[in-house]
Amino acid sequence: MVLAPRMGILTVVSVVVLSVVASAESYYVCSVKSELGCYQDNFPPYTGGQGVRILPTRVKMATNPTDGPFSQEACAALCADAGFTGDQALAGVEYGEQCYCGNGFAKGPPITKIDKCTFKCTSAPDEACGGSDAITVVSYNCTMHPGPAPPPPPPPPPSTGCLDLIKDCGAKGDGTTDDTAAFATCQLKVATMQGDARCITASATTFRCINVSLTTSFVRWEFAGGATFLPALAMRRPENVFNVGGVDMAGVPILVRNISIMGPSPDHKFVIDISKPQLSPWNVRGVTFTGHVVGFTLANVLVKLANPAIDPTITIEGEKSAIETGTAGGMSPTDGSFINITSTGGIWGYGTTQIQTGQRLLFENLDGSGGTTLRLETGAGEYGAFVDQIVAKNIVCRNGHASVMIAPHCQMNGLVTVSNVTAIGCNSGVDIGAGYADPARHPNCTVPGVYDNRTTVRGVTGVFGLGQAKNMQKPDIPACAPCSLGSPKHPLNFKVEVSGIVSEGYPSPSSRTTCVSWEKFWTPPCYYNGSSGS
């Protein structure tokens with residue numbers, strides 16, 4: 001994934017790092033023709049923990065010790081399996097076991113030789129297998145393996161190079177028919193394809209679907225701007241429109257790697273509309289990422305929630321979040337990006353995101369009206385749940401609860417780094433709550449949770465406004481404080497550095513006094529490095 005800045009907004013412009021599934025046993029026997037050398041790799045910008053690679057297709061990660069010995073020849077065989085068999089084909093080994101492929105070097109990143117390929121191949125100690133952000137690149141020759149013949153090639157993809165949800169997979173897209181089954185059909189078909197053909201598109205029409213399970217790795221879901229997804233009319237509760245990951249029939253977490261779900265641009269988002277129909281209560285999520293999901297992107301999406309206090313056509317208040325993460329079998333989503341996401345109509349305790357678990361996650365350009373935009377409010381110490389290495393930038397709340405909430409309850413969490421927070425007519429820009437034990441309701445919740453003491457929030461602007469007043473469950477709380485930390489009942493039990501705080505737009509000195517008084521729950525060991533404007 002390459003991200004390029006445009007007028008201060010991070011825009012998803014193309015996908016150039018595409019991973020493909022490698023067979024457990026190769027159909028090729030390969031030999032190294034020439035070792036080209038050791039090169040610098042993994043250049044910014046970084047998305048989901050991955051940067052730009054000089055060989056753009058990844059076919060193996062060094063994460064599973066049961067993968068067995070590895071060598072330059074083994075990497076070449078995996079590249080051949082993935083279709084890189086021509087004269088220009090190159091294979092590259094990094095970190096001892098990662099394998100990358102390309103028809104020549106990628107265009108864009110610098111091709112620079114270095115001397116940092118110090119890792120030796122596990123099955124060929126005399127061979128170099130890269131290093132940290134250093135890749136050993138080779139050319140190679142391959143012959144077919146004398147064992148079973150490879151399967152016949154898949155039928156040619158559509159002329160666009162992608163499967164179409166309607167044309168190729170049977171969806172109706174008429175806004176009435178349940179199109180859930182079409183997503184499964186597309187995944188079965190795309191699993192037989194390779195390279196850039198591993199993508200599925202949806203046109204700018206309306207689809208009905210519910211509990212769509214996205215479990216096929218190395219797939220790009222590319223939805224047209226205006227493509228709209230509504231829950232199926234026969235839905236039950238609680239349910240999700242899309243769920244990435246989960247468990248199989250035996251309860252084992254499903255490994256899903258390198259999957260993206262994207263609209264074309266920040267100005268042309270696809271839409272998930274969970275504002276109707278009405279159930280009581282209607283607990284539904286737009287997209288959930290559950291369990292062993294590694295390397296994913298969700299970008300350029302508008303999620304319509306529903307709040308009866310701000311939408312007169314809504315009569316039932318539901319627990320609705322646009323995006324949520326959860327564990328499965330002790331596994332959590334990792335190395336993911338959430339970029340250019342807008343939600344409307346959130347309620348007090350919910351909103352754009354609900355992040356219960358996940359590591360190495362990026363949140364950039366999130367904008368939520370009602371509720372909380374980035375909600376890092378974790379639960380009761382669920383097995384395997386752990387929030388760590390979170391980076392968030394450009395987080396906006398409009399007429400809601402908060403731009404950012406950091407509250408561990410009784411879960412032990414790691415580091416969070418937040419910058420550029422704006423709250424317009426919200427109760428607070430940043431709401432940081434203490435951890436606390438609750439064994440009466442949750443037997444595992446015996447110790448107060450925390451976040452890492454190095455957690456920082458930098459650049460918080462609170463703009464006075466009363467637009468959220470009708471969205472209040474607690475009308476005694478002012479609606480314009482840049483920050484609130486802890487409370488007299490639950491003082492903070494972990495450190496947070498909050499700096500660069502500015503308060504704006506107060507209509508009178510008394511209104512400013514009322515609002516800023518809500519900021520005064522500053523209690524050790526939290527410390528405050530900010531200043532308030534006028």
Side-chain angles (χ1 to χ4, degrees), residues 16-43 49-150 194-195 217-218 255 257-258 294-295 335:
V16 298
V17 179
L18 172 68
S19 298
V20 297
V21 177
S23 306
E25 189 171 324
S26 176
Y27 293 114
Y28 291 89
V29 176
C30 299
S31 61
V32 171
K33 183 166 56 176
S34 175
E35 183 173 315
L36 303 185
C38 179
Y39 296 83
Q40 180 71 37
D41 199 23
N42 199 24
F43 296 91
Q50 292 294 317
V52 179
R53 303 284 181 171
I54 65 172
L55 296 180
T57 299
R58 185 177 69 197
V59 294
K60 186 178 185 296
M61 285 293 290
T63 56
N64 188 353
T66 63
D67 284 346
F70 203 59
S71 65
Q72 295 176 1
E73 290 81 1
C75 178
L78 292 177
C79 290
D81 282 338
F84 296 91
T85 57
D87 293 337
Q88 302 300 315
L90 298 177
V93 187
E94 192 163 334
Y95 286 105
E97 288 184 297
Q98 294 183 12
C99 181
Y100 295 83
C101 317
N103 287 317
F105 290 106
K107 296 179 180 179
I111 309 301
T112 305
K113 283 193 174 184
I114 56 176
D115 59 357
K116 296 183 179 180
C117 292
T118 57
F119 286 45
K120 299 300 182 182
C121 301
T122 53
S123 66
D126 58 330
E127 293 181 0
C129 269
S132 176
D133 290 340
I135 186 168
T136 303
V137 180
V138 300
S139 60
Y140 53 89
N141 292 313
C142 297
T143 58
M144 291 297 296
H145 195 282
Q194 294 183 339
S217 295
F218 312 113
L255 172 59
R257 295 188 295 168
N258 287 47
V294 181
D335 301 311

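Not measured: the values here are computed from a predicted model.
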- Task: Measure the spacing between OH of Y39 and CG of L55 and express it to the nearest 0.5 Å.
- Result: 9.5 Å
- Donor-acceptor contact present, side-chain T122 to main-chain F70, <3.5 Å: yes
- Item | SG-SG distance C79 to C99 under 2.5 Å | no
- Query: Should I54 and F43 count as side-chain neighbours, where that means a heavy-atom distance under 4.5 Å?
  - Reply: yes
- Message: For the SG atom of C129 and the CD atom of Q98, what is their distance to the nearest 0.5 Å?
- Response: 11.0 Å
Output side-chain donor-acceptor pairs under 3.5 Å for residues 109-118, partner residues at least two apart or in another chain, one line each.
residue	atom	partner	partner atom	Å
K113	NZ	L36	O	3.0

- Identify the heavy atoms of G102 and P56 that sit nearest to each other, and give their distance. CA-CD, 4.1 Å
- Query: Could you give the distance from CG (D335) to CZ (R257), rounded to the nearest 0.5 Å?
  - Reply: 12.0 Å
- Determine the minimum heavy-atom distance between A91 and C75, stating which atoms define it. CB-SG, 3.9 Å
- Item | Side chains of Y95 and D133 in contact at under 4.5 Å (non-hydrogen atoms) | yes
- Query: What is the distance from atom CD of Q40 to atom CD1 of I135, rounded to the nearest 0.5 Å?
  - Reply: 11.0 Å
- Do V29 and E73 have side-chain heavy atoms sitting under 4.5 Å apart? no
- With a 4.5 Å heavy-atom cut-off, do N42 and R53 have their side chains touching? yes
- Query: Which pair of non-hydrogen atoms, one from Q72 and one from A128, has the smallest distance, and what is that distance?
  - Reply: NE2-O, 2.9 Å
- Heavy-atom pair of closest approach, residues A134 and E94: O-CG, 3.2 Å
- Note on the structure: Scanning both residues in full, the closest heavy-atom pair of K33 with D87 reads NZ-O, 4.4 Å
- Hey, could you give me each pair passing ring pair (Phe, Tyr, Trp, His ring centres under 6.0 Å) that has a residue in residues 111-141? Not counting sequence neighbours. none
